[in-house]
Amino acid sequence: MKLALARAMLQTADILLMDDPTNHLDVKNVAWVVDYIQNLTDVTCMIVSSNPTLLQTCCSRIVHIDNLRIHNFKGGLSEFVEAFPEAKSYFELKSSKGLQFRFPDPGFIEGVTSRGKVLIKMD
C-alpha cells in the first residue's frame with residue numbers, strides 16, 4: 001500500500017481508488033494516510049474500507065450498494081448510520097441472531113499410527 005500511495009503522489013492523480021488503505025498498517029502510518037487523504041485538493045478518493053475511523057474522518061459522501069441498487073448519501077459515516085441503522089452492523093462483530101464461532105475438533109497428525117503414545121506434553 002505504501003508503494004502504491006507513493007506512486008500516486010508522484011503522478012499527481014485526479015482520482016484515487018483505495019481498497020482498504022489502512023489494512024496492515026501500524027497506528028503511525030494509519031495517521032499519515034488519514035492526514036494525506038484529508039489534505040488532498042482537487043482529487044477524488046473512492047475508498048473501500050472496514051475502518052470506521054478512516055471513513056468518518058475522510059469521507060463526505062457514502063455510496064452504499066443494497067439489493068443491487070446504488071444509494072448516494074451526502075454526509076459522513078455517523079450521519080449515514082443514523083439514516084440507515086442496519087449499516088451499524090457492518091462495523092461491529094455483534095449479531096442479533098446469536099452467532100457463535102466453533103473450532104472443529106483437531107484431526108490426527110499425518111503419518112502417526114499410534115494413538116497411545118504421547119506426542120506433545122502440554123502443561
Side-chain angles (χ1 to χ4, degrees):
M1 186 65 204
K2 294 177 189 178
L3 182 61
L5 277 175
R7 204 172 9 186
M9 289 169 59
L10 292 174
Q11 293 177 353
T12 59
D14 294 330
I15 299 174
L16 288 177
L17 303 174
M18 298 181 164
D19 183 14
D20 218 346
T22 59
N23 197 17
H24 302 298
L25 295 180
D26 60 357
V27 175
K28 183 178 177 182
N29 286 322
V30 169
W32 181 88
V33 169
V34 169
D35 185 54
Y36 174 74
I37 293 170
Q38 286 181 326
N39 290 324
L40 289 173
T41 57
D42 300 326
V43 176
T44 300
C45 290
M46 293 188 73
I47 302 171
V48 176
S49 181
S50 58
N51 185 342
T53 306
L54 171 75
L55 295 175
Q56 177 61 36
T57 309
C58 296
C59 294
S60 59
R61 186 177 298 261
I62 306 286
V63 177
H64 180 241
I65 301 172
D66 185 31
N67 292 328
L68 301 176
R69 293 183 183 257
I70 297 176
H71 303 281
N72 190 1
F73 184 82
K74 221 175 199 178
L77 183 65
S78 59
E79 293 90 3
F80 175 72
V81 170
E82 284 179 20
F84 299 97
E86 66 274 5
K88 188 174 184 178
S89 66
Y90 302 160
F91 302 99
E92 293 181 348
L93 278 176
K94 297 178 183 175
S95 174
S96 60
K97 298 177 183 176
L99 181 66
Q100 294 181 357
F101 293 100
R102 285 183 3 118
F103 291 102
D105 293 331
F108 294 106
I109 299 173
E110 187 176 324
V112 176
T113 56
S114 172
R115 295 185 188 186
K117 290 184 182 177
V118 176
L119 298 174
I120 299 173
K121 185 176 181 181
M122 299 182 65
D123 295 327

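Source: prediction; values computed, not measured.
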Minimum heavy-atom distance [X]-[Y], with the two atoms named:
X	Y	answer
Thr57	Thr53	OG1-O, 2.6 Å
Ile62	Gly75	CG1-O, 3.7 Å
Pro52	Leu77	O-CD2, 3.6 Å

Under a side-chain separation threshold of 4.5 Å, the hydrophobic residues clustered together with Ile15 are Leu17, Met46
Rounded to the nearest 0.5 Å, how far does [atom2] of [Y] lie from [atom1] of [X]?
X	Y	atom1	atom2	value
Lys88	Phe80	NZ	CZ	14.0 Å
Ile37	Cys59	CD1	SG	8.0 Å
Leu40	Asp14	CG	CG	11.5 Å

Tell me if a side-chain donor or acceptor on Gln56 pairs with a main-chain N or O of Ser78 at a distance below 3.5 Å.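 Such a contact is found between Gln56 side chain and Ser78 backbone.
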Residue list, side chain to side chain contact (heavy atoms under 4.5 Å, CB included) with [X], at least two apart or on another chain:
X	answer
Ile70	Val63, Ile65
Asp66	His64, His71
Ser50	Asp20
Val48	Asp19

Residues pairing under side chain to side chain donor-acceptor pair (under 3.5 Å) where one sits in residues 30-47, two or more places apart or in two chains, turn out to be Asp35-Asn39
Practice prompt. Determine whether Val43 and Leu16 make a side-chain contact, defined as any pair of heavy atoms from C-beta on separated by less than 4.5 Å.
Written response: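 Side-chain contact under 4.5 Å: yes.
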